[in-house]
Amino acid sequence: MLILGIETSCDDTGIALYHSERGLLAHALHTQIAMHQEYGGVVPELASRDHIRRVLPLIRQVMHQAGAGLADVDAVAYTQGPGLAGALLVGTSIANALAFTLGIPALGIHHLEGHLLSPLLASNPPRFPFVALLVSGGHTQLMRVAAVGEYELLGETVDDAAGEAFDKTAHLLGLGYPGGPALAQLAGEGRADKYKLPRPMLEQMHKTGNLDFSFSGLKTAVLLLVRKQAPDAAARADVAASFQEATVDVLVAKSLYALEQTGLNQLVVAGGVGANRRLRERLDREAADEGYSVFYPEYELCTDNGAMIALAGALRLGAGIATPTQGNYAFTVKPRWDLSTLVS
Ligand code: KG4
Ligand code: ZN
């Protein structure tokens, strides 16, 4: 079965073709970073307009790469939420129009389900059940994943997401958008033990087993530090390294604790912050010490992409739990959509 995947929830247009037996045949991505950079963040209206320009040419491109035609496609999977309403509408309406024209199902996919299943596309995939750490610009969650569609929330952020904390801290240090990768790079030049920053909600975890996260206090601590010191370039690198280490400390400790609590031994890390090298280094080392295995998507599939959406569609159809459009192709988007409400 051949699935076309369409992702337009934020600032990346991602298109992919996934075959249920042959795997990922082709994928293409257009990132809008350069366009939003001068505004210091994503401008929703510009994002929607750019998705309109990109979706069809990218579909043609992946079709060509895979040597396939539209007539070969068996279903269209698209990100239905969560995300920016206008951006979601672009992918959703094109997916439904295509599916209607071809007389095939259209499947609305939850963006985070795409992220948490994305390590299954790697050459060494995990097996169900596993614990998933979802760390993106909009979400920070620990989930117990029993099977496709069976997700139990173990903990989540009560304020900022981890990626958001990276982005805001980067902004405080005068780095551009998106801040995460730039901050990580600067951190590589600094000393992580230079500034003592808080490790939010770690103490609670040891006392009560709570697996929630909080990053806004950490960001405020950096703000106070930067205001007090007006750091030079070397001190900025030290702040970046100290911030990164504090964030990674929390993510690693909570992930290992989730494995211990659930009795599972595989951890899947997904979402943009999963591309962070320091996080990977620390997780790999500390998980191995405890006898756990850690799985990541390929680097290029850590951030938003169409491949994870096509994969989620294929797995849902394969497991018989998809609810594709039947007959009428009326559609809605779900800008706010809680993953734990996903009906399997
Ligand atoms: O999953 P994603 O592409 O989009 C969302 O669904 O949010 O994640 C983007 C987030 C941004 O906050 C970005 O700064 C962060 O992931 N990010 C990183 C790194 N690469 C991307 N954060 C830390 N280190 C990185 N290397
Ligand atoms: Zn994402």
Check your understanding: Atom CG in Asn210, atom CE in Met201: separation rounded to 0.5 Å?
Key -> 4.5 Å

Check your understanding: Has the side chain of Gln266 got a donor or acceptor atom that lies under 3.5 Å from a matching backbone atom of Val294?
Key -> no

Point to revise | Backbone of Thr8 reached by a side-chain donor or acceptor of Thr13 within 3.5 Å | key: no

Check your understanding: Does Arg278 have any salt bridge (charged side-chain N to carboxylate O under 4.0 Å, His left out) partners at least two apart in sequence or in another chain, and if so, which?
Key -> Glu245, Glu281

**Study point:** Close side-chain approach of Leu17 and Val73, heavy atoms under 4.5 Å
**Key:** yes

Practice item. For residues Leu133 and Val268, determine if any side-chain heavy atom of one lies less than 4.5 Å from a side-chain heavy atom of the other. Key: no

**Study point:** side chain to side chain donor-acceptor pair (under 3.5 Å) against Gln261, all qualifying residues, sequence neighbours excluded
**Key:** none

Check your understanding: Are Thr79 and Glu7 linked by a side-chain donor-acceptor pair shorter than 3.5 Å?
Key -> yes

Check your understanding: In Å, rounded to the nearest 0.5 Å, how long is the span from CG of Leu153 to CG of Leu211?
Key -> 9.5 Å

Practice item. Give the C-alpha distance, both sets of side-chain angles, the deciding distance and a yes or no for side-chain contact (heavy atoms from CB on, under 4.5 Å) between Phe331 and Leu89. Key: CA-CA 9 Å; Phe331 56 81; Leu89 268 172; 4.0 Å; yes

Study note, to complete from the structure: Closest heavy-atom pair, Cys10 versus Leu84, reported as atoms and distance to 0.1 Å, is CA-CD1, 4.2 Å

Check your understanding: Between Leu25 and Leu2, does a side-chain contact (heavy atoms from CB on, under 4.5 Å) hold up when you go through it step by step?
Key -> CA-CA 9 Å; Leu25 302 186; Leu2 186 63; 3.6 Å; yes

Exercise for review: Check for a donor-acceptor pair, side chain of Asp11 on one end and backbone N or O of Val42 on the other, with a separation under 3.5 Å.
Suggested key: no

Study note, to complete from the structure: Applying side-chain contact (heavy atoms from CB on, under 4.5 Å) to Pro125 and not counting sequence neighbours gives Leu120

Point to revise | 4.5 Å side-chain heavy-atom contact, His30 and Leu58 | key: yes

Point to revise | Donor on one side chain, acceptor on other, Tyr195 and Gln229, under 3.5 Å | key: yes

Study note, to complete from the structure: Closest non-hydrogen contact found for Leu267 with Ser255 is CD2-CB, 3.7 Å

**Study point:** Side chains of Pro82 and Pro335 in contact at under 4.5 Å (non-hydrogen atoms)
**Key:** no

Check your understanding: Between Leu173 and Val239, is any pair of side-chain heavy atoms under 4.5 Å apart?
Key -> yes

Review point. Any sub-3.5 Å donor-acceptor pair from Arg144's side-chain atoms to Thr262's backbone N or O?
Key: no

Check your understanding: Which atom names give the shortest non-hydrogen contact between Arg280 and Gly274, and what distance separates them?
Key -> NE-O, 2.7 Å

Review point. Any idea which heavy atoms bring Leu183 and Ala170 closest together, and the distance?
Key: CD1-N, 3.6 Å

Revision key, fill the gap. For residues 120-146, the ring pair (Phe, Tyr, Trp, His ring centres under 6.0 Å) pairs (sequence neighbours left out) are Phe128-Phe130

Exercise for review: Applying side chain to side chain donor-acceptor pair (under 3.5 Å), name anything that partners Glu21, two or more places apart in sequence or on another chain.
Suggested key: none

Review point. Is a side-chain N or O of Arg199 found less than 3.5 angstrom from the main chain of Leu197, in a donor-acceptor match?
Key: yes

**Study point:** Salt bridge present between Arg191 and Asp238 (N-O < 4.0 angstrom)
**Key:** no

Point to revise | Contact list for residues 142-175, test ring pair (Phe, Tyr, Trp, His ring centres under 6.0 Å), sequence neighbours left out | key: Phe166-Phe243

Practice item. Using modelled atom types only, decide if a donor and an acceptor are shared between the side chain of Gln32 and the backbone of Ala47 within a distance under 3.5 Å. Key: yes

Review point. To the nearest 0.5 Å, what is the distance between CG (Leu112) and CG (Asp338)?
Key: 9.5 Å

Check your understanding: Sequence neighbours excluded, which residues qualify as side chain to side chain donor-acceptor pair (under 3.5 Å) partners of Arg285?
Key -> none

Review point. Under 3.5 Å, is there a donor-acceptor pair between the side chain of Asn96 and the main chain of Thr92?
Key: yes

Practice item. Specify the closest pair of heavy atoms between Pro200 and Ser214, including all atoms of both residues, with the distance to one decimal. Key: CB-O, 2.9 Å

**Study point:** Check: Ser136 main-chain N/O paired with Thr140 side-chain donor or acceptor under 3.5 Å
**Key:** no

**Study point:** Separation of Asn276 CG from Cys302 SG (nearest 0.5 Å)
**Key:** 10.0 Å

Exercise for review: Enumerate the residue pairs fulfilling ring pair (Phe, Tyr, Trp, His ring centres under 6.0 Å) with a member in residues 245-277, sequence neighbours excluded, ordered by first and then second residue.
Suggested key: none

Exercise for review: Please lay out, stage by stage, how Ile59 and Ile6 fare under the test side-chain contact (heavy atoms from CB on, under 4.5 Å).
Suggested key: CA-CA 9 Å; Ile59 291 178; Ile6 302 181; 4.1 Å; yes

Study note, to complete from the structure: With sequence neighbours left out, the residues meeting side chain to side chain donor-acceptor pair (under 3.5 Å) with Glu298 are none

Review point. Going by distance alone, is a donor N or O of one side chain under 3.5 Å from an acceptor N or O of the other, for Tyr292 and Asp284?
Key: no

Identify every side-chain donor-acceptor pair in residues 215-228 under 3.5 Å, counting partners at least two apart or on other chains, and give the distances.
unit_1	atom_1	unit_2	atom_2	d
Ser216	OG	Asp159	OD2	3.3
Lys219	NZ	Asp160	OD2	3.0
Thr220	OG1	Ser216	O	2.9

Review point. Do Phe213 and Lys254 come close enough that some side-chain heavy atom pair is under 4.5 Å?
Key: yes

Practice item. Kindly confirm or rule out a cation-pi arrangement of Arg127 over Phe295, judged by NZ or CZ under 6.0 Å from the six-membered ring centre and within 45° of its axis? Key: no

Solution key, residues 304-312 side-chain donor-acceptor pairs under 3.5 Å, sequence neighbours excluded:
unit_1	atom_1	unit_2	atom_2	d
Asp304	OD1	His111	NE2	3.0
Asp304	OD1	His115	NE2	3.0
Asn305	OD1	Ala307	N	3.0
Asn305	OD1	Met308	N	2.8
Asn305	ND2	Leu301	O	3.1
Asn305	ND2	Thr303	O	2.8

Practice item. Would you please say whether a donor-acceptor pair under 3.5 Å links the side chains of Gln244 and Ser242? Key: no

Practice item. Check the hydrophobic clustering (I, L, V, M, F, W, Y; side-chain heavy atoms under 4.5 Å; chains of links allowed) and say if Tyr296 and Leu264 are grouped together. Key: yes

**Study point:** Beyond-backbone contact of Leu46 with His36, side-chain heavy atoms, under 4.5 angstrom
**Key:** yes

Revision key, fill the gap. Rounding to 0.5 Å, atoms CD1 (Ile3) and OH (Tyr78) come to a distance of 13.5 Å

Exercise for review: For Ala95 and Val76, work out which heavy atoms get closest and say how close.
Suggested key: CB-CG1, 3.6 Å

Check your understanding: Are Leu279 and Leu186 connected, step by step, through hydrophobic side chains (Ile, Leu, Val, Met, Phe, Trp, Tyr) whose heavy atoms are closer than 4.5 Å?
Key -> yes

Revision key, fill the gap. Residue set satisfying salt bridge (charged side-chain N to carboxylate O under 4.0 Å, His left out) with Glu203, at least two apart, ordered chain then number -> Lys207

Check your understanding: Could you go step by step and tell me if Met143 and Leu154 meet the side-chain contact (heavy atoms from CB on, under 4.5 Å) rule?
Key -> CA-CA 5 Å; Met143 317 274 309; Leu154 303 172; 5.8 Å; no

Review point. Taking the side chain from Asp167 and the backbone from Gly179, do they hold a donor-acceptor pair closer than 3.5 Å?
Key: yes

Review point. Taking C-beta and beyond as the side chain, do Glu113 and Leu339 meet within less than 4.5 Å on heavy atoms?
Key: yes

